[in-house]
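In what follows, a single structure is set out as structure tokens and then discussed.
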Protein chains: 2
Amino acid sequence: MSDIAERERTLASRLRLAVVRLNRRLRAQSSGSNITLSQLSALSCLHKAGALTPGELAAREGVQPPSMTRVIAALEDAGLVARRAHPTDGRQAIVEVTDAGRTRIEEEVSARERWLDQQLVDLTEEERAVLFQAAEIIDRLASR
Amino acid sequence: MSDIAERERTLASRLRLAVVRLNRRLRAQSSGSNITLSQLSALSCLHKAGALTPGELAAREGVQPPSMTRVIAALEDAGLVARRAHPTDGRQAIVEVTDAGRTRIEEEVSARERWLDQQLVDLTEEERAVLFQAAEIIDRLASR
DNA sequence: TATTGTTATACTCTATAACTATA
DNA sequence: TATAGTTATAGAGTATAACAATA
């Protein structure tokens, strides 16, 4: 194995472990909160996009449609999103964030990310800059 | 909210989404494979550390003892780790990787990380350097 | 009485397969 | 017949609470 391939294997291994561990910590923050991490993620996505069909939302979040069905149902039960009919295609639906959902996003994001926020404040400016760039790169990887 | 706090909130939000998405992709690679991502992670940890008690292993992986009990049981069933008695404390056990486990680590790591490896190869040298630094920072955050 | 580990139980997240309704 | 979405089912991953064995 060449040095470059070896370094990449090490990078893959390190990145995998780091991501698995941080994901675990982030999910653990959900205890006692109102909505789950997946629900918050989908809600944020809808908030940015405006309104999407369930299929579009599943594609953007990178999950299969049945997984998104459950997330949407939970958000709808909580009154945070609403469905309306698609104007031209009776099979599809349009999902959009309600006023209550918009209010909740701000509350939840700050509540759920309090732990992470605190960790980030403790870093140096340079370290935060690295994470900012890394987040963009990782997002690009995971979207492919 | 100050500009710095706002930027940190954005960073936390971006980092959270990136980590959730990459974690999902990494777990999805498990399909068709032999052991799960959690099992591989514990196995790699034991491989590096030599031999650990279940409690030590749980602490290093950042999970609760009952979660590690299940992971160890699966690895033991597969013959990849073995237990032996603790020399001085009858309550504890020593878990270590078997020869079969050592062989499997190399196979699995390369098989499981093939997807991630390919993504990393497609990046620039600078992007890989950012991820390398980010992995260290994230691991430090998640360990606290 | 304190510590280590396991068992019992439950919930989140996600997938695939099968089904329904509409195009 | 093809597409969008849901329902049914299953498995991974993890936690807390209760228990057993040993210190």
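Protein chains get the first letters and strands the later ones, always in sequence-line order, with residue 1 at the start of each. What you are looking at is a predicted structure, and each value in this text was computed from that prediction instead of being measured.
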(request) For the residue pair A:V20 and B:R27, establish whether any side-chain heavy-atom pair is separated by less than 4.5 Å. (result) yes
(request) Starting at atom CG of B:D77, determine the distance to atom P of D:dA12, rounded to an integer number of angstrom. (result) 12 Å
(request) Measure from the side-chain heavy atoms of B:S67 and tell me the nearest of D:dA15, C:dT14, C:dT6. (result) D:dA15
(request) Mind jotting down which residue pairs meet the side chain to side chain donor-acceptor pair (under 3.5 Å) criterion with at least one end in residues 48-61 of chain B? Sequence neighbours excluded, please. (result) A:R21-B:E61, B:S41-B:E61
(message) By the salt bridge (charged side-chain N to carboxylate O under 4.0 Å, His left out) test, which pairs, at least two apart or in different chains, include something from residues 64-85 of chain B?
(response) B:E76-B:R83, B:R84-B:E96
(message) Rounded to whole Å, please give me the gap between CZ in A:R25 and P in C:dT12.
(response) 21 Å
(request) Go through the structure and list residues passing side-chain contact (heavy atoms from CB on, under 4.5 Å) with A:R91, not counting sequence neighbours. (result) A:D89
(message) Just so I know, are the side chains of A:R14 and B:D139 near enough to count as touching, which here means a heavy-atom distance under 4.5 Å?
(response) no
(request) To the nearest 0.5 Å, tell me how far B:L131 CG sits from A:L15 CG. (result) 5.5 Å
(message) If I take atom CE in residue B:M68 and atom C1' in nucleotide C:dT4, what distance separates them, rounded to the nearest angstrom?
(response) 15 Å
(message) Could you work out, with side-chain contact (heavy atoms from CB on, under 4.5 Å) as the rule, every residue matching A:A78, not counting sequence neighbours?
(response) A:L80
(message) OP1 or OP2 of C:dT7 versus the side-chain N and O atoms of B:T69: is any pair under 4.0 Å?
(response) no
(request) Please name all residues satisfying side-chain contact (heavy atoms from CB on, under 4.5 Å) with A:T88, sequence neighbours left out, ordered by chain then number. (result) A:H86
(request) Select one nucleotide: of C:dA15, C:dG5, C:dC13, the one nearest the side-chain heavy atoms of A:Q64. (result) C:dA15
(request) Rounded to the nearest angstrom, tell me the gap between atom CG in B:N23 and atom P in C:dT14. (result) 9 Å
Could you run down the sub-3.5 Å N/O contacts of the protein with nucleotides 8-11 of chain D?
none

(message) Judged by each residue's nearest nucleotide on DNA chain C, which is more toward the 5′ side, A:R91 or A:V63?
(response) A:V63
(message) Starting from A:L52, can I reach A:I94 by hopping between I/L/V/M/F/W/Y residues whose side chains sit under 4.5 Å apart?
(response) no
(request) Look at the side-chain heavy atoms of Ile, Leu, Val, Met, Phe, Trp and Tyr, link any pair under 4.5 Å apart, and say whether B:L17 and A:L141 land in one connected group. (result) no
(request) For A:A93, report the nucleic acid contact type (base, sugar-phosphate, nothing); a contact means any heavy atom under 4.0 Å. (result) sugar-phosphate
(message) Could you tell me how far apart B:L26 (CG) and C:dC13 (P) are, to the nearest whole angstrom?
(response) 18 Å
(message) Short of 4.0 Å, heavy atom to strand atom, which residues of residues 79-90 of chain A count as contacting DNA chain C?
(response) A:T88, A:D89, A:G90
(message) Rounded to whole Å, please give me the gap between CZ in B:R21 and P in C:dT14.
(response) 11 Å
(request) Could you pull out all residues at least two apart from B:R102 that satisfy side-chain contact (heavy atoms from CB on, under 4.5 Å)? (result) B:H47, B:V97, B:D99
(message) Can you measure A:L37 atom CG to D:dA15 atom C1' for me and round it to whole angstrom units?
(response) 16 Å
(message) So if I take residues 51-60 of chain A and measure heavy-atom distances to DNA chain D, which residues fall below 4.0 Å?
(response) A:T53, A:P54, A:G55
(message) Between P on C:dT22 and CD on A:Q92, what's the gap in Å once rounded to a whole number?
(response) 13 Å
(request) Look at the side-chain N and O atoms of B:R27 and state whether any lies under 4.0 Å from the OP1 or OP2 oxygen of D:dA12. (result) no
(message) On DNA chain D, does the nearest nucleotide to A:P65 precede the nearest nucleotide to A:R24 from the 5' side, or the other way round? Give the residue.
(response) A:P65
(message) As an exercise, state the distance from CZ of B:R25 to CD1 of A:I138, rounded to the nearest 0.5 Å.
(response) 13.5 Å
(message) Would you say A:S38 places a side-chain N or O within less than 4.0 Å of OP1 or OP2 belonging to C:dT14?
(response) yes
